[in-house]
There are 2 protein chains.
Amino acid sequence: MLGTVALLDEAGADALTFRALAARLGGGVGSIYWYVGSKDELVGRAADHVLGEVSAATTLPDDADPVDNVRALAMAVYEAIARRRWLGAYLMQDFGFQPNSMALYDRIGQQLQRLPLTTRQRFHAVSAVIGYVVGVSAELDHGPAAIEEMADDEREAFLERLRTTWRAVDPATHPFLAEVTEEFEQHRDEDLFAAGLDLLLAGLRQQASAAE
Amino acid sequence: MLGTVALLDEAGADALTFRALAARLGGGVGSIYWYVGSKDELVGRAADHVLGEVSAATTLPDDADPVDNVRALAMAVYEAIARRRWLGAYLMQDFGFQPNSMALYDRIGQQLQRLPLTTRQRFHAVSAVIGYVVGVSAELDHGPAAIEEMADDEREAFLERLRTTWRAVDPATHPFLAEVTEEFEQHRDEDLFAAGLDLLLAGLRQQASAAE
DNA sequence: TCTATCATCGAACCGCGTTCGATAACCGAA
DNA sequence: TTCGGTTATCGAACGCGGTTCGATGATAGA
């Protein structure tokens with residue numbers, strides 16, 4: 001009955017208590033502990049499960065540019081985390097310890113094996129990409145990113161407070177904040193993520209081409 | 001008495017319960033709530049406080065390369081989070097909402113204002129750097145990074161289990177993992193972080209030079 | 001039919017953040 | 001001096017959530 005995973009995944013998603021989960025399954029609280037040792041392990045498994053799905057749903061053409069393929073994978077993972085915010089926190093915890101996350105690690109690495117890099121450079125690059133993707137995506141889970149879950153008036157109050165804070169900064173002491181205020185108010189998180197990812201990948205491309 | 005901040009900061013650090021904190025201060029549990037509305041706010045303030053110290057302790061020469069200066073700031077923040085792991089999680093929550101984190105954001109941005117970039121490019125770059133730094137650093141807090149806190153035998157058992165897991169991967173299905181196993185076992189987290197940061201900054205340099 | 005493993009259950013435990021009402025200590029005003 | 005109100009402190013009690021535990025039923029091989 002590790003359908004628990006799929007259930008927690010699709011149904012109530014996160015913020016799900018053990019008691020609620022047990023009730024939904026029509027089972028007892030203690031039963032869950034026969035299948036899993038702790039809540040962390042449960043959610044960790046669930047996280048790895050959806051990660052497997054994401055990876056499986058992304059096809060990487062052999063004749064495509066390796067870095068483009070890496071980008072495709074990274075964006076897919078980002079979107080998955082953006083859709084299910086709870087993923088981020090748990091991927092941070094144990095990326096590299098669960099089967100599907102290791103598989104994904106390897107899959108990105110395989111793409112880089114087609115580039116003229118040293119083993120160390122590949123190791124660093126893959127770690128950087130995964131660190132960036134997971135880390136930045138996880139930030140969505142906290143702070144302002146929980147905006148969608150707010151009630152309308154609550155959200156409006158929050159945004160208003162945010163705007164007030166930003167407008168209150170002194171252009172003399174914080175010239176850069178003043179410059180990008182407008183950008184900040186209009187930005188889409190996904191574009192931000194993609195732009196940073198492209199910077200990272202540009203650095204990687206440069207490293208690869210430097211070695212011919 | 002916001003010396004609470006410094007106390008939680010230096011003394012017990014994280015994993016600190018309200019009751020323990022109150023006891024250490026020789027005060028009552030409820031007293032804390034007169035100064036602060038919630039635990040999140042308390043730790044958030046503490047986080048922003050040390051971030052301010054980190055920024056203040058880092059001098060950026062006006063005649064130095066802007067990107068080098070950004071790198072120096074990023075490394076300083078990384079080291080601070082590496083030293084006090086609890087920082088990462090809280091910086092993720094409210095970076096950009098507290099004074100010192102906003103100031104740091106601006107400070108990085110000011111460096112980029114010396115480069116020939118569009119406002120949007122600067123906005124993306126600063127966000128990417130901060131996202132990378134905070135996100136990747138925060139990953140230290142979870143998972144294997146808590147190694148130092150383990151008892152000796154516990155740590156040894158953990159490392160052994162980790163090695164076993166990695167050695168068990170099939171080179172045929174996971175060729176990349178097989179290639180980097182050795183690198184992984186020898187790596188230092190700080191080098192990993194720096195390597196990824198340098199890739200990101202290389203991409204940024206390229207973007208700047210492309211615009212002359 | 002007996003027995004041992006598998007599987008389930010939910011009451012109870014425990015630690016946590018948080019709330020609350022009581023209570024001083026201080027201070028300007030009458 | 002006295003009084004009302006703000007400032008500041010306290011800790012018992014609440015509610016919630018993960019986890020433990022012993023009991024109990026199912027299932028199957030001997």
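Heavy-atom basis, side chains included; hydrogens, waters and symmetry copies ignored. Each chain gets a letter, A, B and so on, in the order its sequence line appears, and its residues count up from 1.
Counting to the nearest Å, the C1' atom of C:dA11 and the CZ atom of A:Phe18 are 17 Å from each other. For the pair B:Leu21 CG and D:dT9 C1', the computed distance is 15 Å after rounding to whole Å. A straight line from CD of A:Glu41 to P of D:dT19 spans 10 Å, rounded to a whole angstrom. Regarding A:Tyr33, its OH atom lies at a distance of 14 Å from the C1' atom of C:dA12, rounded to whole Å. Straight-line distance from the OH atom of A:Tyr35 to the C1' atom of D:dT19: 18 Å, rounded to whole Å. One atom, CD1 of B:Ile32, and another, P of C:dC20, lie 18 Å apart when rounded to the nearest Å.
Of the listed residues (B:Ile130, B:Ile81, B:Val133, B:Asp48), just one forms a side-chain contact (heavy atoms from CB on, under 4.5 Å) with B:Leu91, and that residue is B:Ile81.
An OP1 or OP2 oxygen of C:dG17 is reached within less than 4.0 angstrom by no side-chain nitrogen or oxygen of B:Ser38. Within the structure, a side-chain polar atom (N or O) of B:Ser31 is placed less than 4.0 Å from OP1 or OP2 of D:dC10.
Note on A:Arg45 versus A:Glu41: salt bridge recorded, some NZ/NE/NH1/NH2 to OD/OE distance being below 4.0 Å.
Where A:Trp34 and A:Val29 each meet DNA chain C at their nearest nucleotide, the meeting point lying more 5' is that of A:Trp34.
Distance from the side chain of B:Lys39 is smallest for C:dG17 among the nucleotides C:dG17, C:dC9, C:dA7.
In this structure, the side chains of B:Phe193 and B:Met75 come closer than 4.5 Å at one or more pairs of heavy atoms.
Between B:Ser127 and A:Leu192 the shortest heavy-atom distance is CB-CD2, 3.4 Å.
Side-chain to base pairing of A:Arg19 with D:dG18: one donor and one acceptor N or O lie within less than 3.5 Å of each other.
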